[in-house]
Amino acid sequence: MAEAVEHAIRTGEHLAVQAGTGTGKSLAYLVPAIRHAVADDATVVVSTATIALQRQLVDRDLPRLAEALAKPLGRRPTFAILKGRRNYLCMHRVHSGAPEEPDDTALFDPFAASALGRQVRRLHEWSSETVTGDRDELVPGVSDQAWRQVSVTAKECLGVSRCPIGMDCFAERARAEAGRADVVVTNHALLAIDALEGYQVLPEHDVVVVDEAHDLVDRVTSVATAELSSPGVANAARRCGRLIDQSTADGLAEAGDGLALVLEDLPPGRLDRLPEPMGAALAAVRNAAHACITALGPERREDVEGTTARRLAMAALQDVHDTAVRLVEAFEPDEADRRDVVWLAADRDGSRPTLRVAPIGVGGLLRERLFGARTVVLTSATLALGGTFDTLARQWGLPPSQPRAHKAEGTATDKAPPSDQDGPKWTGLDVGSPFQHARSGILYVARHLPPPGRDGLPPSYLDELAGLVNAAGGRTLGLFSSMRAAKEATEALRTRIEHRVLCQGDDATALLVREFAEDERSCLFGTLSLWQGVDVPGPSLSLVVIDRLPFPRPDDPLASARQRAVAARGGNGFLTVAATHAALLLAQGAGRLLRSSADRGVVAVLDPRLATARYGGFLRASLPPFWATTDREVVRAALHRLDAASPVNQATAPAP
Ligand code: SF4
């Protein structure tokens with residue numbers, strides 16, 4: 001892998017590397033990256049999806065490498081961490097105390113208001129202790145609303161030359177440090193902003209390593225998603241209210257109220273055409289926001305207080321205006337040519353309907369702005385889906401690999417547009433895994449069960465689950481496709497098995513994972529974040545149960561729009577979008593089982609479609625190569641043996 005990364009850096013040919021857990025992949029890309037940075041006086045950016053990996057790189061891998069490489073390189077390589085401005089405490093905001101107007105909930109709910117007040121007070125105390133001002137270092141964390149009171153976006157920032165705190169600003173310090181470093185560690189969101197949004201937030205760099213690359217498309221999509229709601233419009237109107245003629249600001253507030261009335265009458269879900277009243281309401285918001293922006297006028301030389309208030313107002317107004325424009329324009333092309341999908345999302349109680357607009361695909365953007373501008377190395381334990389890198393490469397905007405790798409039966413059939421063949425050059429490499437999957441793990445598919453229904457877990461699923469958990473002596477990570485199913489299984493099993501069942505939501509997830517790891521016979525049931533974020537080596541985890549294949553919900557607006565766009569190009573939308581989504585999550589979920597070379601265990605999938613459906617071949621080929629069976633007795637016997645061999649049982653077994 002290190003040689004392949006070095007080759008990519010030298011030739012400029014992009015590289016996708018699949019490297020299993022325990023390979024040491026961060027060292028394999030960091031060594032050639034550091035050598036390039038030092039030798040060519042360049043900066044290499046390393047982007048991650050999770051804070052956990054960021055911490056691992058900055059606290060463990062990079063310091064050790066800096067130590068080890070100092071002699072051969074002739075100097076100690078340097079590194080820094082850089083996040084978006086909103087991630088850092090803004091000391092100007094803390095000192096000037098420009099508070100955000102509380103939103104409606106906080107205004108009418110005294111408990112919410114006092115909880116918010118307590119959190120903001122804690123943030124003020126923390127501001128005098130922290131060295132970095134980095135939100136991720138604040139434990140326990142605070143709500144987004146509280147954090148907004150002490151931070152600014154890039155558009156809201158006064159700029160280092162105008163800001164009285166400029167020289168002591170946490171964000172500016174982090175930027176300056178990053179500008180001097182050989183390696184800059186960042187997250188996918190900032191990478192996306194730097195590449196896609198046209199203003200430079202990362203230091204000049206010619207190589208970027210995207211670790212946890214399986215998450216890149218989702219993170220880029222999030223950055224490119226915008227939303228508009230009437231509370232958001234009201235907030236913009238309030239912010240500019242004191243700076244411009246009141247009647248102009250009132251006009252915006254009224255347009256926001258009009259939008260609220262229209263949205264309340266619409267059902268949540270994807271919108272394929274622009275309903276007339278909504279079009280009129282959006283046009284009114286757009287025009288009113290434009291009037292406020294014009295009234296605010298260009299920036300004048302004002303005192304700091306005036307500039308601060310103006311920046312906050314302008315950022316909010318521009319956001320409202322640009323999103324209203326984008327929402328209207330999204331419907332203008334014919335359906336087959338649309339680039340954006342629009343949907344109406346609602347709170348649980350339906351009280352705050354919000355319009356969202358997201359790109360149907362980000363491949364074109366990534367190809368042009370990321371792959372077209374620098375050498376990219378993408379890596380993860382899960383990149384080859386159905387045995388080929390092409391499935392994800394298509395989403396990144398890369399052409400199919402040459403020569404075509406063998407594809408599993410049922411692999412996505414999206415026909416790429418002809419011009420895709422001319423895209424950037426790249427190669428795929430699977431460096432395998434240090435684990436012997438076929439010897440250490442069993443993939444069990446409960447083929448005898450009925451396909452999952454719409455209404456919760458069928459009794460036969462609960463029986464199967466209880467039987468497996470009992471055979472394993474607890475030690476089970478239950479990965480459910482919905483929180484409802486996780487709770488249902490928790491309640492049912494708490495009355496049926498003697499082992500402790502922890503359920504996501506009972507406490508902070510990190511604490512639950514720690515308890516699960518420490519209490520060997522406990523079980524942990526939960527949903528999405530557990531599919532990707534649990535790392536528990538040893539006998540506390542010898543069974544991973546997956547209740548159903550994790551396809552996106554049929555009413556998921558983005559996935560359904562993407563499926564339709566693929567079908568319009570002559571491909572198979574279900575396989576390309578839904579099956580790919582499921583394959584990625586399944587592989588991530590199954591990857592929770594073996595975390596060290598001594599680990600043994602079972603991945604049990606209750607959904608029989610993994611064995612029976614046509615696309616099952618593609619999904620199975622996306623999983624690690626476990627020994628596979630559909631025989632319940634075989635798998636229970638294996639779990640019994642593992643349980644009997646565990647240190648807890650060995651310690652309590654009677655002497656022979
Ligand atoms: S430069 Fe910007 S982020 Fe930094 S303290 Fe000033 S306003 Fe806040």
Side-chain angles (χ1 to χ4, degrees), residues 45 51 54 80-102 116 119-138 141-181 184-187 189-194 197-204 223 235-236 238-240 242-243 293 296-319 322:
V45 167
I51 296 168
Q54 238 165 52
I81 191 162
L82 185 62
K83 302 173 183 180
R85 193 164 291 261
R86 186 109 260 183
N87 260 76
Y88 298 95
L89 207 57
C90 165
M91 288 310 280
H92 173 57
R93 204 100 206 258
V94 170
H95 288 316
S96 66
E100 187 139 302
E101 304 273 345
L116 181 66
Q119 290 193 338
V120 174
R121 261 198 308 282
R122 190 154 77 79
L123 282 168
H124 277 254
E125 283 159 22
W126 183 68
S127 73
S128 56
E129 298 158 17
T130 175
V131 179
T132 60
D134 181 347
R135 180 180 182 181
D136 296 330
E137 290 181 6
L138 177 70
V142 293
S143 67
D144 286 346
Q145 206 193 351
W147 185 257
R148 273 202 300 272
Q149 314 282 320
V150 293
S151 63
V152 290
T153 62
K155 280 185 197 153
E156 292 166 345
C157 166
L158 286 179
V160 66
S161 56
R162 293 231 58 195
C163 176
I165 315 280
M167 302 315 284
D168 278 327
C169 164
F170 290 121
E172 291 298 331
R173 259 195 260 158
R175 264 175 74 107
E177 214 175 300
R180 292 189 295 268
V184 175
V185 178
T186 187
N187 52 39
L190 197 64
L191 179 72
I193 291 169
D194 186 76
E197 296 204 343
Y199 52 86
Q200 197 190 344
V201 285
L202 290 168
E204 197 74 43
V223 166
N235 175 48
R238 264 199 308 268
R239 280 188 175 187
C240 68
R242 288 181 220 110
L243 305 169
I293 291 171
L296 212 48
E299 205 156 276
R300 295 178 289 270
R301 287 217 71 77
E302 297 159 305
D303 56 4
V304 170
E305 227 170 82
T307 314
T308 307
R310 168 185 292 277
R311 282 278 163 99
L312 291 174
M314 191 56 104
L317 288 170
Q318 255 159 2
D319 193 33
D322 295 354

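Values below: all heavy atoms of this structure, side chains included; hydrogens, waters and symmetry mates excluded. First listed ligand is number 1; within each ligand, the first listed atom is number 1. Just so we're clear, the structure is a prediction, and the values are computed from it rather than from any experiment.
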> Just checking, is any N or O donor in the side chain of T307 or R162 under 3.5 Å from an acceptor N or O on the other one?
Replying inline: yes
>> Checking a contact table here: which protein heavy atom is nearest atom 8 (Fe) of ligand 1, and how many Å away?
In response: C90 SG, 2.3 Å
> Which heavy atom of the protein is the closest neighbour of atom 2 (Fe) of ligand 1, given with residue, atom name and distance?
Replying inline: C157 SG, 2.4 Å
Show me which atoms of ligand 1 lie under 4.0 Å from any heavy atom of [X].
X: C169; result: 1 (S), 3 (S), 4 (Fe), 5 (S)
X: V152; result: 3 (S)
X: L158; result: 2 (Fe), 7 (S)

>> Within 2.8 Å of atom 6 (Fe) of ligand 1, is there any N, O or S atom belonging to C163?
In response: yes
> With a 4.0 Å heavy-atom cut-off (strictly under), which part of T308 contacts ligand 1: side chain, backbone, both or neither?
Replying inline: neither
>> When you compare the side chain of H92 with that of V304, does any pair of heavy atoms fall below 4.5 Å?
In response: yes
>> Are the side chains of R135 and D144 in contact, using a 4.5 Å heavy-atom criterion?
In response: yes
> R85 near ligand 1, heavy-atom distance under 4.0 Å?
Replying inline: yes
>> With side chain to side chain contact (heavy atoms under 4.5 Å, CB included) as the test, pick out the partner of L138 among L123, L89, T130.
In response: L123
> Less than 4.0 Å between a side-chain N and a carboxylate O, is that true for D136 and K83?
Replying inline: yes
>> Can you give me the closest heavy-atom contact between S151 and Y88, atom names plus distance?
In response: CB-O, 3.7 Å
